[in-house]
A.B. asks: 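Here it is: the structure, laid out below.
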Amino acid sequence: MEKPAENEKTKGNSRSLNFIEQIIEEDIRNNKNEGRVHTRFPPEPNGYLHIGHAKSICLNFGIAEKYNGLCNLRFDDTNPLTENVEFVDSIKEDVRWLGYDWGDRLYFASDYFERFYEFAVFLIKKGKAYVCDLTPGQIAEGRGTPTRPGRESPYRNRSVEENLRLFSQMREGMYGNGEKVLRAKIDMASPNMHMRDPVMYRIIHTDHHRTGNKWCIYPTYDFAHGQSDSIEKITHSLCTLEFEVHRPLYDWFIKELEIFPSRQIEFARLELSYTIMSKRKLLQLVEEGYVMGWDDPRMPTICGLRRRGFTPESIRTFSEKVGVAKRDNIIDVALLEHSIREDLNKRAPRMMTVINPVKLVITNYPEGETEEVEAPLNPEMPEAGERKYNFSREVYIEREDFMEEPPGKFFRLAPGREVRLKYAYIIKCEEVVKNEYGEITEIRCVYDPETRSGSSKSNRKVKSAIHWVSVDHAKPVEIRLFDRLFNKEDPDDTEEGKDFKSNINPESLKVMEGYIPSGTGPFKPLEKIQFERLGYFCADPDSTREKPVFNRTATLKDTWAKIKNKG
RNA sequence: UGACCGAUGGUGUAAUGGCAGCACUACAGGUUUUGGUCCUGUCAGUCCAGGUUCGAGUCCUGGUCGGUCAACCA
């Protein structure tokens, strides 16, 4: 038999196993489920997927892949009040975009409603379930508290015949919403609240996005999830920690129903610093206009990250790096940023772009002349070829690349100083022109014609090389600079009487008017590119042919910013 | 003041009774026509108290701290 643990080790590139993989490998060793591994990703179609879901998706599909198993996509659609097809579609799109394939195994809990009904009848006949007429308030009250046992319902000992009749009438629509429920008969004194006769079915006279008006009774999570797992012969049902207390009930239903025993294993959900993950709060940001929509590039949603310029690969490696364990954790958002930089550094072509321009004139360069210079498309990938730039007498440079009175550690352009205009010539600043407000409007320099990049005398060292775009060959673009949405590592850490929105970063979006070299593009939506020395960007779908729009995905690591901020 | 779960550098995550390792961050240096990348190095950790053992991050007991559970949500 295959022994993945040993293979991993002998390959020499082994990553130690997380606790779920350890369980799975032991199950395989014991030939449990004939060595089969089958997982599932079970979203409820009532919202958009976020980076926390991505961890679960990568875990479930990743494990199936690793152990030559299968992973189903199953919608947990048991509550018609909150679910709809739009969410089903967006979720499918996001999972597919992440690079996972559920083959022909797209399932819906609602596909099993008839089976669930039969399961319920089976339990009633077994004397393990009963119809209860108590109101929601009475049920809650009768359940007790975590420290006080509950009280048995007066309807608990109805006869099997009566329960069968009543349950059938529930299905036929003879009762209104909330009038009756079907409950499991377990133990009202259990220390586990979920075992105190939990509700299995409730009456909801609402059409379902898939079953229409066929049903007016719907199973609860507890009476649907484990049963779905079992029907699909899921071997390892991975979910987050808050479901740990549901596990005894999950197991109880499987045992009493005498069906395939899937095993539930819980892991800690992903939390990210400077970010919120709650569906409710994300909805609030959208509805109250703090962001432009669910796919706003500042949102931690999959569609937001996609529009921000993240790649599926970067999210997958991120999910790998965060690990899987049972303790609560808050991942440093810097790890997410690292993951996208690592990926884009290897694959994103480079281009010089100026986002905060100031004009620079080379006084000894002939007017009206243009020459072409060449630069590697990507120094990490020499085979990718070159990009050509037009160079002329006037260029835009980045305002931050010039300082009139530079501190010691600043080694870019300043009066009397030399720098290289990247891939072109070394220039020297001779004069600064200002307007009536004292703002710099023009920097005047001379260039050394012998220092053209690539020429024999070009190896003279200067302290830095700055990027530029020729004024006569510049195309204006909109550039959206995104920063983290919240100022606080924990956005829920607020002053008395305030909520998480008080921690919103007012500078999370800055819109700039910059220049790219004319003749570049058109850019495909979401096309990735590194603006040299500035960061990774992608073309926003808002782009038009006349006016491209770029989103900043991430800055480059910026040691100068650190020095500057230290003063 | 119940049941269950958890606790290893700043943040994550390994070590399965035998040298506390890896990644991110931070810091320092080297290379560099991106203050990027890459390379080298540095700081930094087993919640506490007992016990078992030749040997404990790991096992046992007790505590401390954190989380979860009282929807007809999932």
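Heavy atoms only: backbone and side chains are in, while hydrogens, waters and symmetry mates are out. Sequence lines set the chain letters: A, B, ... in the order given, protein chains first and strands last, and positions in each chain run from 1.
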A.B. asks: Do the side chains of Arg247(A) and Glu266(A) get close enough for a salt bridge, i.e. N-O under 4.0 angstrom?
C.D. replies: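 Salt bridge between Arg247(A) and Glu266(A), a charged N being under 4.0 Å from a carboxylate O: yes.
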A.B. asks: Classify the side chain of Arg420(A) and the base of U33(B) as holding, or not holding, a donor-acceptor pair under 3.5 Å.
C.D. replies: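 It does, because a donor-acceptor pair links the side chain of Arg420(A) to the base of U33(B) below 3.5 Å.
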A.B. asks: Would you measure the distance from the P atom in U33(B) across to the matching atom in C24(B) and give it in whole Å?
C.D. replies: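 It comes out at 25 Å once rounded to the nearest Å.
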A.B. asks: Looking only at the aromatic ring of each residue, does the gap between the centers of Trp560(A) and Phe411(A) stay below 6.0 angstrom?
C.D. replies: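 Judged by ring-centre distance (under 6.0 Å), Phe411(A) and Trp560(A) do not meet the cut-off.
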A.B. asks: If I pick the P atom on A49(B) and the same atom on A56(B), what distance separates them, to the nearest angstrom?
C.D. replies: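 One P to the other, the span is 15 Å.
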A.B. asks: Check if the side chain of Arg341(A) and the base of U37(B) share a donor-acceptor pair of N or O atoms closer than 3.5 Å.
C.D. replies: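 Under the 3.5 Å cut-off, the side chain and the base do not form any donor-acceptor pair.
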A.B. asks: Between the side-chain atoms of Arg412(A) and the base atoms of G35(B), is any donor-acceptor pair under 3.5 Å?
C.D. replies: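 Checked by distance alone, the answer is yes.
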A.B. asks: Would you please confirm or rule out a distance under 4.0 Å between OP1 or OP2 of G36(B) and any side-chain N or O of Thr559(A)?
C.D. replies: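 For G36(B), OP1/OP2 do have a side-chain N/O of Thr559(A) under 4.0 Å.
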A.B. asks: Closest approach to the side chain of Leu556(A), judged atom by atom: which nucleotide of G36(B), A14(B), U11(B) is it?
C.D. replies: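 Nucleotide nearest to Leu556(A)'s side chain: G36(B).
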A.B. asks: With ring centroids as reference points, do Tyr396(A) and Tyr515(A) lie under 6.0 angstrom apart?
C.D. replies: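 Yes.
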A.B. asks: Pick the C1' atom in C73(B) and in A14(B), then give their distance to the nearest Å.
C.D. replies: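 It comes out at 37 Å once rounded to the nearest Å.
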A.B. asks: Classify the side chain of Glu244(A) versus the base of G6(B) as yes if they form a donor-acceptor pair under 3.5 Å and no if they do not.
C.D. replies: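 Looking at the base of G6(B), it does not pair with any donor or acceptor on the side chain of Glu244(A) (distance under 3.5 Å).
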A.B. asks: Kindly say whether, by distance alone, the side chain of His246(A) makes a donor-acceptor pair under 3.5 Å with the base of A74(B)?
C.D. replies: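 Answer yes: a donor N or O sits under 3.5 Å from an acceptor.
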A.B. asks: Can you tell me which nucleotide in C73(B), U13(B), A70(B) comes closest to the side chain of Asn329(A)?
C.D. replies: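 Of all the options, the side chain of Asn329(A) is nearest to U13(B).
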A.B. asks: Please confirm whether the shortest side-chain N or O distance from Lys557(A) to OP1 or OP2 of G35(B) is below 4.0 Å.
C.D. replies: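 No, because none of the side-chain N or O atoms of Lys557(A) sits under 4.0 Å from OP1 or OP2 of G35(B).
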